[in-house]
Structure formats: structure tokens, C-alpha cells
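Below is one structure, written out as C-alpha cells; comments come after it.
The shown structure was predicted, so the numbers you read here are calculated from the model rather than taken from an experiment. Labels below follow one simple rule: chain letters A, B, ... track the order of the sequence lines, proteins then strands, and each chain is numbered from 1.
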Amino acid sequence: MAFRGKGSPAAPLAVARIIHRKFMSDIRVRFAPSPTGYLHVGGARTALFNWLFARRLGGTYILRIEDTDKLRNNEEMVRGILEGLAWLGLDYDEGPFFQSDYYEQHRTAAFQLLDNGWAYRDFTPKEERSDANIKQAVAEANRQAVKVKNPYRDLSRAESDARAAAGEAFVIRFKVPEEGKTSFDDAVYGPQERDYKDIEDLVLLRSDGHPLYNLSVVCDDIAMGITHVIRGQDHLSNTHKQVLLYQALGKPVPVFAHLPLILAPDKSKLSKRKHGEIVSVTTYRDAGFLPDAFLNSLALLGWSPEEVREGEVDREVFSRPELIERFSLGGIHKSNAVFNFDLREAQDWQSQKEQLLDPRWVARNFYKFPRSWTDQKAQWMNAEYIKTMPLAELLPYVKTKLQSVDLWRAEFEGAESEWFQRAVNLIRDRYRTLNDFASLGRAYFVAGLDFEFEEEAVKKNLKKDAALKTLLPELADRFGALSEFTHDSTEAALRAFAEEKGVKAGLLINGTRTALTGQSAGPGLFDVVTIIGQTRAVERLRNVANLV
RNA sequence: GGGGCGUUAGGCAAGUGGUUUAAGCCGCCAGUCUUUCAAGCUGGAAAUCGCGGGUUCGAAUCCCGCACGCCCUACCA
């Protein structure tokens, strides 16, 4: 059976596949999220590892949406996931496929198992369970229940057929053998074994005819020729059931590699309901992370390079190709990792997300933006990329960001391109996110006086000494009179002026910084002055008279 | 209740019996640089390797027990 992406023409795909086949290995992996409306960092990491594995070995990486649960299935819910993957650049070779498109195949498989005796009809009436406290309810039920054999397990086929024909509702359950055990060798967790008696007769098909998860995954993975199943450790226990299904279906069992989970700081599983937007990857996109930087920090959660290379001590920063080159299942850890965001911050974040993710708000309120709101290492990684990546690669990101707050001008790529590059290069050293260019960097890119002043800075550098109210506008005149406006000429002018007035140069330097940028921190002042340029510098220094 | 998986500093982690008196990174602290803030550089604090037994000349590394956390145990995925 051929899987085909919705709406994608079959022919080019087939051609691509042929070319692909010729040069690549037969390894096929998939990322199979359920459409929950957003991609959280754990899911992103699973996608990343599948992708890295495929890219490393020349395999095929497939995206499949597990929308078997009709309640969760709608386009809106899928979009969040696609957006997250797109941002991270985790491009898939095939798909996206939708599990629900293959109901019929799953049903056929269930009836096939019924026919050859691997499954049976269970006529027990459906037990209603509320979704709310299902975990406890199930655990509680199992606590008290004495394991009793399903009365329909050994019902004769004739009687079973007759009751079904009479219209009686039933589910199809897998018939787990009484004696023996399943085993598989997990590429991460090692050899796994489980007695048949510890595996219950799982339901394959609901009474309304819908196939259930365990059946569906196995069918799809078989149909798609998946050779390596790389997924979260929460599926480790389920794997035994799936192995049983592969065997009953007479198909080869793929290699399983289970990944340690990424947990919240309180060690609980990441969830949208509990942790909100702070665990969604699109939040990191909107907050100004670079996809490569975020990917890099994600890769280090639950994996580390198996061997340190010649001449390398220990590295944390890896480009995408370097990650691909080094990735191996052997480097995956067994223990869960914590994505160390601040839980309290997460709540504030949640309540203010409209503001915090609105570039326009942030641009005007940069100093109200929380400094340390998420995993510190991820933040450091982002800052590291911003300050060390080739400038030419950073520029397009800055452009997009500036466009989003209407700070972009075509000249930045034309007449002023040289200036623009110098400016970005100057300020990037102390920025941690792309958003900083639009917020903290606003004063550099905007014309005239259209930028915000940080209260603290004004207090500290402009109001502290009353003399500044007249000194700075006077300095503006000196700057204005300069025929050559350079780092050295402006410094000489300022220092001479300070001496003349009998004040410390530092007073004027700090005052000027705030006058020009609204901030108390920034690059070396004379670099700032030259980047801001004569016209704006003079204008902004004169404006001090109105500020204090 | 049953079954499974895990447990090295605040977080990420190296390390699978012997120069480990336990790497490195983030964070934290201090010094240095400086006109500010970062960055950089230098240094520091922080781990009885979950706990208790055992094996061994020697254990974070092997064995047993316990505790804790997580997962599965649904006509959810």
C-alpha cells in the first residue's frame, strides 16, 4: 500500500524516491506526533533525533500525524506542529501522512488477526469512564481487580460469528498467549523482557469500529517500512504489545530506540495545560531564538557525542552538519533530563504572553522584559550563536525582526548596507535574542527621537547632575561643529570639553550614552556615537534639555 | 495493586573496577579589563556519585535490598 501526502502530487515524490533510493540507505524513521496544537520541546527533540539519525545514515525521515483520536483532530491542531518543525528546519522526506486516512487498513488487520486466531471478539458491554481522572480510575480499578480471564477469549468462532451477525456490539482484542515472554533489544535501554501473563489482552478495535493506537502504529510502521522506531520512553512498556502484533502479523520487528523524557523543573512531564506556552517551540521562535541555536541546545538534552574528537577538549556548540556527523543512538542517555525554565516565570509568562510575544510591545518596553525566563543554557547558547556566527548569516534574521516592528528600511541593504553591518556587528555582542535587536537596538535603527528611555538610566546618567541639562546640549554644538565625525575626533572633542568645563569625562560619557540610546549599558561610547552618526547624535544630545 | 525504566553539584553532563584527591558546559560568586553593561580572560564556591548492605587489595563503576521519581497497566495517543 502506498502512502501519499495529502494534496502532494505523487509523481515528483516517486521520482524523488527513486533518486533517493539510489544514493541512500534503506533506513526509514518517522516522527509521529498526535495533533495537540503545539510542538513542545520534548516532541521537538524526538523529531530532531529521528531527523539526525536519518540524515546521518542517509535514511528517509517521515512525518506522520497520529490523529486516530477524532477529538484532537483538526487542521488547527496540526498547524502548530508543522510550524514548529518548519522553524527548526526539520524537513521531512515523506509526508505528512495522516493516520486517520488508513483506518481501513487497520481494520483489515484487526479482522485478519481475528481470522487467524490471534484475536477474539469481546462482547463485554463498554465501561464508561470519564476522561478527567482516568489515570487514577484505571489504577484504582486494577488495584482491586483480581486478574480474571476474559470470558469471551475462548468462545467458539461459530458462536462469536453468530452473536456478531445478530448485531451484538463487540471489541476485538488481541489474544496474548498464556505461556512465554516477549523480548526485544532496545538500542538505548538494552534487552527488554516481559512475561505474557503481565500483558493484558489489548483492544485492537473499538466497538464503534475505530482502530486503537497500538494496532494503528504497528500497521502504519509496517506499511511505511519503518526500520527504526525512535520515540519517547513513555512508549517503552507499550513496545511489548507492539512486538506481539508484529509477530502475529508475520512482519519483521523494527529496531526500537527509546528516548529519555524531557521533564519540567518539578520533574513532571511537559504539558501545555500545566506549563503553558513556555514549553512550546513556537514561543522560542517568537522570542527571538535562532533555530540552529535552539536545535543545538535541544540536541544536548539526552544525548552527548560518543567520542571526543582529536584536538577537541569538550564541546557544546555544534552546527547542524556537525550534529549530523556525530549523532548516534549509542550517545543517547537513559535518564530523563530537565528543561530548566523557571516555573514561576512560566506563570507570569503565561499571563502576559500576548505582550511578551508581541514585538511591538517588547520594542517599547525592553526593560520590562524578563531577563531570565527559560532554560539558562539554552539562553546562553542563543547568545553564543548571535555573537559568534558569521555576520552575513545573522543579517537576514535581524532584517526580519526589524521588519516586524517597522524599523526596516531598504537602505540597510543599499546605500547604508555597510553602516548597517557595522551597527549589527557592534551591538550583537551583548544581545541574547533576535528580539533584542528590535527592542534594545531600536535607538540604533530609528530616525530622530523615536525610542524609549529607561527610567533608571535617565535617573542615573541624566538627572544625577543638574549641570548635564546644559552641558549635553553644549556638547551637541561641539559635535555639530566637527568636520570629521569619527571615533577619535568625537572622543577628543568630548574630553576637551570635559576638561574645559572641569567635569569628569565619565559624567559626559555616561550621559551621552543615555541621551543617544536611552540606556545605561551598551558598546564603547565613541563607537556608539559614530554609529548613531553626527545628525542624530546632535539632535539627541540637544533633546536632553527637554528630558530633565 | 502488578509490570517496567531511571537516580553523578541548582540545571546539562563526562566517567562502566585502579593517577578520579569525580572532567567539562550553563548558572552563581570574585578578580581583571573598561567611560557603562556585557563579552573575554583568571580564579572560586558548589557532589559523603539516592540510601543501606555485600563482592574485591581496591567501586560512582559489579551484586542484593530499600527509598524516591517517571512510564505502562483505557473501547487515550
Measure distances between side-chain N and O atoms of [X] and base N and O atoms of [N], and say whether any donor-acceptor pair falls under 3.5 Å.
{"X": "Lys267(A)", "N": "C70(B)", "result": "no"}
{"X": "Lys334(A)", "N": "C5(B)", "result": "no"}
{"X": "Ser207(A)", "N": "C75(B)", "result": "yes"}
{"X": "Asn238(A)", "N": "A77(B)", "result": "yes"}

Any cation-pi pair here, Arg163(A) with Phe123(A), using under 6.0 Å and within 45°?
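Yes, a cation-pi geometry holds between Arg163(A) and Phe123(A).
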
Distance test, side-chain N/O of [X] to OP1/OP2 of [N], below 4.0 Å:
{"X": "Gln376(A)", "N": "C12(B)", "value": "no"}
{"X": "Arg513(A)", "N": "C37(B)", "value": "no"}
{"X": "Ser304(A)", "N": "A14(B)", "value": "yes"}
{"X": "Arg231(A)", "N": "A77(B)", "value": "no"}

Nearest to the His333(A) side chain among A13(B), C12(B), U73(B), which nucleotide is it?
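Closest of the options to the side chain of His333(A): A13(B).
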
Can you tell me which nucleotide in U36(B), U35(B), A77(B) comes closest to the side chain of Ala521(A)?
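Closest nucleotide to the Ala521(A) side chain: U36(B).
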
Within the supplied structure, the quantity of interest is the number of heavy atoms (other residues, nucleotides, ligands) at a distance under 6.0 Å from Glu179(A) CD; does it exceed 12?
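Open: at most 12 neighbouring heavy atoms sit under 6.0 Å from CD of Glu179(A).
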
Mind checking side chain to side chain donor-acceptor pair (under 3.5 Å) for His333(A) and listing every partner two or more places apart, or none if nothing turns up?
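Testing His333(A) for side chain to side chain donor-acceptor pair (under 3.5 Å), a comparison that skips the adjacent residues, returns Ser304(A).
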
Base, sugar-phosphate alone, or nothing: which one does Lys387(A) contact when heavy atoms must sit under 4.0 Å apart?
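The residue Lys387(A) makes sugar-phosphate contact but no base contact.
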
